[in-house]
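A short write-up of the structure that comes next.
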Amino acid sequence: MNCKANFIMQKCSTLQHLPKAKLGYLPTPVIKLENLTRILGGPDILMKRDDLTGLALGGNKTRKLEYILGDAIKKGCDTVITAGAQQSNHCRQTAAAAAKLGLDCHLLLGGEKPGNFNGNLLLDELFDAHIHFTKENRKGEDIPNLVGTLKASGHSPYVIPYGGSNELGACGFIEAGFELSTQIGVDNLSHIFFASSSGGTHAGLMIAKSLLRHKYELTGIQIDKAENEANSFQQQVLALANSTCSFLNLAQSYRVDDVVLDKGYLETGYGVLTEQEKEAIQLLAKSEGILLDPVYTGRAFAAMVDKIQKRELPNDKQVLFWHTGGAPSLFAYSRTIL
Ligand SMILES: *Cc1c(COP(=O)(O)O)cnc(C)c1O
């Protein structure tokens, strides 16, 4: 790590001393989307390439898993368990990380076993994960049972929450925010856009932003519909940001207005591909040769493009799209993507 990065890391000494498993090839590049900037005629568009974190086709979960699995290994666990959708990028990266670290991996995936394994699911199988199809239990409801069974057979399991979004996962994105500030002059940025779902990316970037006193607007694009207002995604990000600050002995805390989460692009809910995602995926592929995914980055990128086209962003500053990965699931959507 270079000198500037070291200086920044000292802003958060607890973070520096957490155990970490090395999984990513970091820093990821920051690039300019010159062709797309020209086509849209708005602000300069930058992209942080966390689709290139390097672990098994990349993605944002790699950064979270470095801290989460660092903890699992320190605690002497031999098995990891996590849950998600069948095309979960989090589950695929967890399976790959477990393979690399010599841990057993159990994945609980919602729905019925499909006839054909494709996209992330195919990769889960290649990484030799134990896959359980949990039907209507889509958010890990069956985990306690599995923990009991594994313990009874002499294993030491470690449960990773949905999307890897706990305090340790958020630490990966505090570090990511620090990393960005060693790469570009953030004073020129008006906005950072990214896809926000289980909230770890959002909480981590928020904390990095306030520790470094950055001024850009950090705008999460909400990907899933909330089940109820009391437990809205904004509340979940807020709770995680505050618990991560306590965990790291940081003095700051946040109010709900500090969490900027745009609900304007949800359409029909999680994982439902509509024209806006298709157009965004095709636009970036054709103009820059870069792949987005149908569930997360396709939606969030469509949101940013929409705001540029409506002239909602200042032309004399730059905007940055934080690419969080996910392209392997394109193959599972091959029939609907074009
Ligand atoms: C998980 C995921 C996200 C959302 O990140 P959270 O930290 O869960 O909010 C965004 N993009 C991709 C591709 C993902 O896999």
Side-chain angles (χ1 to χ4, degrees), residues 1-18 20 22-33 37 43-54 58-67 167-196 199-221 237 240-242 244-245 247-254 258-261 297 300 304 313-314 316-325:
M1 202 180 281
N2 68 27
C3 209
K4 185 171 175 195
N6 254 332
F7 171 75
I8 292 170
M9 275 300 263
Q10 282 161 13
K11 294 206 174 261
C12 193
S13 62
T14 319
L15 181 69
Q16 246 182 327
H17 295 110
L18 291 172
K20 247 174 106 177
K22 193 177 169 341
L23 298 170
Y25 298 84
L26 306 172
T28 56
V30 180
I31 64 164
K32 275 191 182 156
L33 304 183
T37 298
D44 284 346
I45 308 169
L46 306 181
M47 181 178 270
K48 175 71 169 157
R49 298 292 306 270
D50 270 8
D51 55 325
L52 303 179
T53 49
N60 62 339
K61 305 310 181 305
T62 303
R63 294 185 185 273
K64 302 177 179 185
L65 288 166
E66 288 200 329
Y67 285 95
E167 292 75 12
L168 288 168
C171 286
F173 269 87
I174 300 177
E175 195 184 345
F178 291 173
E179 180 182 297
L180 178 73
S181 72
T182 67
Q183 296 177 294
I184 59 165
V186 294
D187 291 345
N188 292 327
L189 286 183
S190 73
H191 289 77
I192 294 181
F193 293 101
F194 59 98
S196 186
T201 304
H202 203 156
L205 291 179
M206 260 173 79
I207 295 171
K209 180 188 159 184
S210 50
L211 283 173
L212 300 176
R213 301 185 198 293
H214 288 163
K215 295 285 180 272
Y216 50 76
E217 182 88 57
L218 185 66
T219 307
I221 306 299
V237 173
L240 181 58
N242 282 331
T244 304
C245 287
F247 172 71
L248 292 172
N249 298 313
L250 296 171
Q252 78 248 44
S253 66
Y254 301 95
D258 297 326
V259 182
V260 182
L261 200 49
T297 55
M304 182 184 74
L313 311 176
D316 57 342
K317 290 231 171 187
Q318 301 174 316
V319 294
L320 182 139
F321 184 79
W322 201 297
H323 194 326
T324 44

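Small disclaimer: the values here were computed from a predicted structure and weren't measured.
- Rounding to the nearest 0.5 angstrom, the gap separating the CG atom in Leu211 from the SG atom in Cys245 is 7.0 Å.
- Contact record, Cys171 with Leu18: SG-CD1, 3.8 Å, taken as the closest heavy-atom pair.
- Annotation for Lys22: atom NZ counts as buried by contact number, over 12 foreign heavy atoms lying within 6.0 Å.
- Scored by the side chain to side chain donor-acceptor pair (under 3.5 Å) test, Gln252 finds Ser210, Tyr254 as partners (sequence neighbours excluded).
- Between Leu313 and His191 the shortest side-chain heavy-atom distance falls below 4.5 Å.
- Taking the side chain to side chain donor-acceptor pair (under 3.5 Å) definition, one finds that Tyr216 meets it with His214, sequence neighbours left out.
- Here the side chains of Ile221 and Ser196 are not in contact, with every heavy-atom distance at 4.5 Å or above.
- Minimum heavy-atom separation, Val319 to Pro43: CG1-CG, 4.1 Å.
- Residues that satisfy the salt bridge (charged side-chain N to carboxylate O under 4.0 Å, His left out) test with Lys20, not counting sequence neighbours, are Glu66, Glu175.
- The CG atom of Leu33 sits 9.5 Å away from the NE2 atom of His323 when rounded to the nearest 0.5 Å.
- The shortest distance between side-chain heavy atoms of Leu320 and Leu180 falls below 4.5 Å.
- Within the structure, side chain to side chain donor-acceptor pair (under 3.5 Å) contacts touching residues 43-52 (residues at least two apart or in different chains) are Thr28-Lys48, Thr28-Asp50, Lys48-Glu179, Lys48-Gln183, Arg49-Asp51, Asp50-Arg63, Asp50-Trp322.
- Taking the side chain as every heavy atom from C-beta outward, Met206 and Val260 never approach each other to under 4.5 Å.
- In terms of heavy-atom proximity, Asn242 sits nearest to Ser253 at OD1-CA, 3.3 Å.
- Screening Leu65, Leu26, Thr324 against Thr53 for a side chain to side chain contact (heavy atoms under 4.5 Å, CB included) leaves a single residue, Leu26.
- Residues Pro27 and Thr182 are not in side-chain contact: their nearest non-hydrogen atoms beyond the backbone lie 4.5 Å or more apart.
- Atoms NE2 and CG, on His17 and Leu248 in that order, are 12.5 Å from each other to the nearest 0.5 Å.
- For the residue pair Thr201/Asn60, the side-chain donor-acceptor check at 3.5 Å is satisfied.
- Note that CG of Leu46 and CD1 of Ile31 are 9.0 Å apart. Values are rounded to the nearest 0.5 Å.
- Applying the ring pair (Phe, Tyr, Trp, His ring centres under 6.0 Å) rule to Tyr67 yields no partners; only residues at least two apart in sequence or on another chain are considered.
- For His202, the ring pair (Phe, Tyr, Trp, His ring centres under 6.0 Å) partners are Phe194, not counting sequence neighbours.
- Counting heavy atoms from C-beta outward, Gln318 and Lys32 have side chains that approach closer than 4.5 Å.
- Thr244 pairs with exactly one of Ile207, Leu15, Leu250 by the side chain to side chain contact (heavy atoms under 4.5 Å, CB included) rule, that one being Ile207.
- The distance from the OG atom of Ser181 to the NZ atom of Lys209 is 13.5 Å, given to the nearest 0.5 Å.
- Here the straight-line distance linking atom OG1 of Thr219 with atom CG of Leu205 works out to 11.5 Å at 0.5 Å rounding.
- Heavy atoms only, all atoms of each residue included: Leu212 and Gly177 are closest at CD1-O, 4.2 Å.
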